[in-house]
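Model, not experiment: these values are computed from the prediction.
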Amino acid sequence: MASVLLCAWLFSTVLIYLVISLVLFLIGNPLTSAIEKISIRGKKIHDGIASFLTLAIIFGVFALFFTLILPPLVRQVSFMSELNFYDVLHGILNQYPSLGHLFSQLGSEETVKATINEQFNSVFNFGNVSSILNNLINYLSGFLGGLFCVSFITFFLLKDQYTVSRTIILLMPPKIETEVKDILHTSKKMLSKYFIGLIIDIIIVGFLAGTSLWILGIKNALIIGFMAGLFNVIPYIGPMITLCFALFLGVSGCIELGQYYLISSVITKIFITLISINILDALFFQPYIFSNTVKAHPLEIFIVVLMSGTLAGISGMVVAIPVYTLVRIVAKEFLTQFRFFKKITEKITD
């Protein structure tokens, strides 16, 4: 066990590439299988071509999203970095006198304004933005190298999908070969459904958030919708991150247009909209999608996610459901003699 942990630590980067590639394989495998069934002049599409097309579609979708989102996001951050927050705060206090009264209890108006102006400029200044951009450029080569590795691994997982299964089976004792085959088959089927269901949930939440805020006239609604879907991958914590991000973009949009009088209504609209969508997602979409993909009760999933978050923070919450699914699949093959494991695995079918 110690040697396995040591290898995982030494080759953590490779392990990350493998995990990402495996997730992409589970998402893309149904699409690859569908493409391979297409016949052109009586000949089916070669598995290599099907795998390449699947990768192109997956990365094309990611590229489309980031192409739509990154430019307006960069413009908004650049705008905020060039603001004189003293003038902004002055405009806000003129529009909302009650805030001025509140600040007067904290000190003189000039002192409070100067302090807030200094703090905001220390965060949103061109120097910080330039530093971030420089770091992004420095890491770009590493990202491209990682992208190549992930693409290469995912391509051969899609093309030779049974190679990994055969390798794992060869490493297992012959007496449990049948059980291992069942575990691999069930894991592939259930985890593929889970990740596809997760993508569907991301699309639903992002679409509802972006469309609703756009109808309400909120600036940067598209970016907020994208972030709402993306951060929804993080159970329970993600929506709170999205809310903070959305409030920042909404208020900055009002400031950019000089519409200080709309700030309170924009905050109210964003807050009510995102909270309502997240409640709808938590009560209807997620229980239906995840319960049908991993065959577990919503309360069961909730408890597992909380326990994972306690043990490993946000990263634990993100991987909680797929890891728990794997544990249940293994338990179904080897531990059904115990009533507890028999109960939590009874909905899993081969």
Side-chain angles (χ1 to χ4, degrees), residues 4-33 35 47-48 50-67 69-70 135-136 138-165 167-168 183-184 187-203 206 226-227 229-235 237-238 241 290 293-294 305 308-309 312-327 329:
V4 173
L5 293 176
L6 178 61
C7 289
W9 179 72
L10 291 174
F11 301 102
S12 58
T13 303
V14 177
L15 185 62
I16 291 172
Y17 291 160
L18 287 173
V19 171
I20 295 174
S21 299
L22 184 59
V23 171
L24 292 177
F25 161 72
L26 292 170
I27 294 172
N29 182 250
L31 180 58
T32 303
S33 300
I35 294 174
D47 55 2
S51 302
F52 178 80
L53 290 175
T54 301
L55 270 181
I57 292 171
I58 291 175
F59 287 123
V61 170
F62 281 116
L64 176 62
F65 274 120
F66 283 102
T67 300
I69 297 303
L70 282 182
N135 287 332
L136 288 175
N138 291 334
Y139 286 111
L140 182 60
S141 59
F143 170 77
L144 292 176
L147 182 62
F148 172 78
C149 293
V150 169
S151 302
F152 188 82
I153 296 171
T154 306
F155 173 79
F156 281 100
L157 286 176
L158 291 169
K159 182 178 180 295
D160 305 315
Q161 55 181 291
Y162 298 108
T163 301
V164 177
S165 300
T167 303
I168 294 174
I183 290 172
L184 293 173
S187 298
K188 176 184 171 183
K189 182 176 67 173
M190 291 187 65
L191 290 178
S192 290
K193 289 182 178 179
Y194 166 73
F195 284 113
I196 292 173
L198 184 63
I199 291 176
I200 292 173
D201 186 58
I202 290 173
I203 293 173
F226 175 79
M227 299 307 294
L230 185 63
F231 281 111
N232 203 51
V233 173
I234 308 174
I237 303 296
I241 298 174
F290 295 153
T293 55
V294 301
V305 170
S308 301
I314 292 178
S315 58
M317 298 176 77
V318 172
V319 302
I321 298 177
V323 170
Y324 178 61
T325 301
L326 284 174
V327 171
I329 292 170

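- Distance check, rounded to the nearest 0.5 Å: OG1 of T54 to CD1 of I35 gives 4.0 Å.
- F59 is linked by a ring pair (Phe, Tyr, Trp, His ring centres under 6.0 Å) to nothing, counting only residues two or more places apart in sequence or in another chain.
- Distance check: I27 CD1 to I58 CD1 gives 6.5 Å after rounding to the nearest 0.5 Å.
- F52 is not listed as a side-chain neighbour of K159, based on a closest heavy-atom distance of 4.5 Å or more.
- For S192 (side chain) and L26 (main-chain N/O), a donor-acceptor pair under 3.5 Å exists by modelled atom type.
- The line from CG of L191 to CG of N29 is 11.5 Å long, rounded to the nearest 0.5 Å.
- Between the CD1 atom of I57 and the CG atom of L31 there is a distance of 4.5 Å, given to the nearest 0.5 Å.
- Within the 4.5 Å cutoff, the side chain of Y194 has heavy atoms near those of the I321 side chain.
- Considering only heavy atoms from C-beta on, L157 stays 4.5 Å or farther from L24 through its side chain.
- Distance CZ/F155 to OG1/T32: 10.0 Å, rounded to 0.5 Å.
- Nearest heavy atoms, L326 versus S187: CD2-OG, 3.5 Å.
- Taking CG from L198 and CD1 from I200, the interatomic distance works out to 9.5 Å, rounded to the nearest 0.5 Å.
- For residues 144-153, there are no side chain to side chain donor-acceptor pair (under 3.5 Å) pairs, not counting sequence neighbours.
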